[in-house]
Visitor: 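Here it is, the structure, as structure tokens.
Values reported hereafter were calculated over all heavy atoms of this structure, with side chains retained and with hydrogens, waters and symmetry mates removed. One-based numbering, in listed order, for ligands and for the atoms of each. Residue numbers count from 1 along this sequence.
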Amino acid sequence: MSHQRHFEGIPVSPGIVTGKAFRLDPRRLSAEPRPIPEAQVEQEVERFKKAVETSKTQIQKIRKKVEKDTDSSHAAIFDAHMFMLDDPILIKETVEGVRREKKCAEYVLSQTVDRLAVLFKNIPDDYFSSRATDVYDVANQIMNNLRKVTSHPLRTLTEPVIVVAHDLGPSDTVMMDHSRVIGFVTSIGGPTSHTAIMAKALAIPAVVGVAGIADEVSSGDTLIVDGGGGRVILNPTEDELKKYEALQRKIQEQEQTLCLLCELPAETIDGHKIELSANIEIPDETAHVRSHGADGIGLFRTEFLYLNQPTIPDEEEQFALYRHVLEEIKPKPVIFRTFDLGGDKFISGVRFKELNPFMGLRAVRLGLANPEIFKVQLRAILRASPHGNAKLMFPMVSCVEEVNAVKGLLKEVRDELDSKGIPYSREMEIGIMVEIPSAAITADILAKEVDFFSIGTNDLIQYTLAVDRVNERVAYLYEPYHPAILRLIRDIINAAHRENIWVGLCGEMAADPMTAIILIGLGIDELSMGPVAIPEVKRVIRNIRLADAQRLTEEILQMGTPAEIRCLVTAYARQLM
Ligand code: PEP
Ligand code: MG
């Protein structure tokens with residue numbers, strides 16, 4: 001009889017799903033042993049050699065850039081990688097292996113890497129044993145080039161599966177074949193990790209931070225994932241299967257009822273209207289945005305377009321995608337957030353070895369350090385702007401100098417477009433995300449410089465409470481109801497309104513009906529969330545009075561602990577429903 005077990009984790013995307021597990025290899029290096037016909041073996045060897053050469057060019061390019069932008073000590077890591085790409089074992093053994101075994105290069109490479117990593121690890125010298133990581137890095141780079149974009153293991157699934165992994169990065173989730181991945185579970189991760197956000201966006205039930213699950217589940221096991229309750233059942237009994245099927249039907253019925261609200265405005269009983277917008281990560285999501293009755297796109301996380309690509313998307317490619325999204329959503333607005341790379345999202349092959357990536361060269365910092373990459377994006381957004389209702393937003397702003405710097409860059413791009421007679425929207429609103437405590441505390445100064453704010457609570461909570469948003473070990477401290485957070489939000493909203501600019505909120509707090517009530521009481525103008533959350537938040541808004549939410553919020557702001565606050569809001573919400 002199959003091994004049965006119940007697991008608990010952090011619920012991040014609601015819904016119940018039952019299906020077969022697909023265990024993702026932790027190093028993403030596993031590959032099926034695809035046989036190669038005798039006549040095509042040399043072609044396969046050439047394909048491998050080409051992937052190695054491409055990797056060399058990519059690494060050399062990155063090395064030059066890093067050397068130019070930082071100091072040469074950071075570039076040294078790439079020397080080690082270049083060295084590996086000429087390594088006789090890694091390269092020669094793989095070539096010989098393809099010829100000998102007549103299997104695809106991906107498979108032979110994964111086998112060679114495993115042997116080589118063991119070899120390095122066994123050398124009793126710290127320097128050499130840590131080189132095993134370099135072997136994996138380099139092999140990953142070659143593997144990406146071999147696979148191109150289309151053959152990521154999550155792209156080539158042949159049946160519906162629940163993905164089980166130690167960790168899933170945003171570069172994996174962006175590659176998922178959405179029609180085949182019906183749920184996922186990871187051993188690590190926090191409630192607002194980008195993996196969790198992506199699951200919600202795609203309405204895929206998901207649980208993260210499930211300790212040890214990746215070691216216990218094998219591909220082919222049956223799983224029940226309860227994404228709302230944070231439960232996972234490995235090889236469930238017949239009774240459990242029946243119970244969860246019934247629950248799943250009930251949830252589906254509730255969703256259908258909620259969808260009836262899609263065409264109605266998000267307006268309180270006493271006539272106060274809130275804009276309810278959608279967050280998207282990839283252009284495919286625009287259909288969800290429309291079907292869930294959003295008032296527009298409040299956050300387009302454009303950095304997802306850069307993930308898992310062999311090269312950075314060029315201006316034409318970006319322009320076409322931005323234009324497409326604008327045309328799909330118009331006349332409603334689309335807020336383009338410039339790329340928020342760094343943190344937990346990296347461009348293929350460019351992974352700086354930073355000790356604290358969330359506090360490192362991320363978002364506008366990375367853009368300002370790489371103006372030639374940043375300007376390509378700004379040009380693409382500006383060129384797309386006449387095709388709909390575009391707004392532009394900069395993430396991770398920490399001070400007024402950064403606002404001036406990004407505006408300076410924007411002016412350069414506008415001047416270049418003007419000189420070539422290329423049209424763009426001159427009225428486009430420019431806003432910033434307020435997600436760093438320094439920006440929140442100086443919101444009165446920043447509000448004078450921009451047309452709107454969008455509060456990024458996912459990061460604001462992480463930085464204010466010093467709690468890593470992707471670390472399940474400290475997830476219990478990640479607290480949206482913390483008085484420090486609520487006071488900061490109150491102050492940001494007041495500062496924005498004093499300068500007559502509007503203020504939205506696009507962190508996960510917007511998607512929770514309970515916190516949404518508080519935000520409305522605090523005076524928020526717009527809430528932006530994963531499209532599937534919109535109907536439920538709208539239902540709550542249509543059942544409250546602004547005056548009541550304000551009274552409730554005043555009371556909450558006097559409270560000292562998250563537990564008291566949560567208790568009061570829950571009681572209020574219960575009485576409403
Ligand atoms: C946030 O920080 O709240 C936010 C919306 O941006 P992201 O989750 O992409 O960092
Ligand atoms: Mg953020």
Visitor: Centres of the Phe339 and Phe374 rings: under 6.0 Å?
Guide: yes
Visitor: Taking only heavy atoms of the protein into account, state which residues are under 4.0 angstrom from an atom of ligand 1, in chain and number order.
Guide: His194, Ile197, Leu299, Arg301, Arg337, Asp340, Lys345, Arg362, Met433, Glu435, Gly456, Thr457, Asn458, Asp459, Arg469, Cys506, Gly507
Visitor: Identify whether the distance between the nearest side-chain nitrogen and carboxylate oxygen of Asp459 and Arg362 falls below 4.0 Å.
Guide: yes
Visitor: Please determine, by modelled atom types, if Asn279 and Ser528 share a side-chain donor-acceptor pair under 3.5 angstrom.
Guide: yes
Visitor: State whether Glu316 and Arg383 are salt-bridged, where the test is any N-O pair (Lys NZ or Arg NE/NH1/NH2 against Asp/Glu carboxylate O) under 4.0 Å.
Guide: yes
Visitor: Just to be sure I understand the site: which N, O or S atoms from the protein are less than 2.8 Å away from the Mg ion (ligand 2)?
Guide: Glu435 OE1, Asp459 OD2
Visitor: State, yes or no, whether a side-chain contact exists between Ile274 and Glu526 at a heavy-atom distance under 4.5 Å.
Guide: no
Visitor: Does the plane of the ring in Phe452 sit parallel, tilted or perpendicular to the ring in Trp502? Use 30° and 60° as the thresholds.
Guide: parallel
Visitor: Keeping Asp548 on the side-chain end and Ile544 on the backbone end, is there a donor-acceptor pair under 3.5 Å?
Guide: no
Visitor: In terms of side-chain geometry, is the basic nitrogen of Glu328 or Arg290 positioned less than 4.0 Å from the acidic oxygen of its partner?
Guide: yes
Visitor: Picking from Ile335, Asp451, Ile432, Leu410, what satisfies side-chain contact (heavy atoms from CB on, under 4.5 Å) with Leu392?
Guide: Leu410
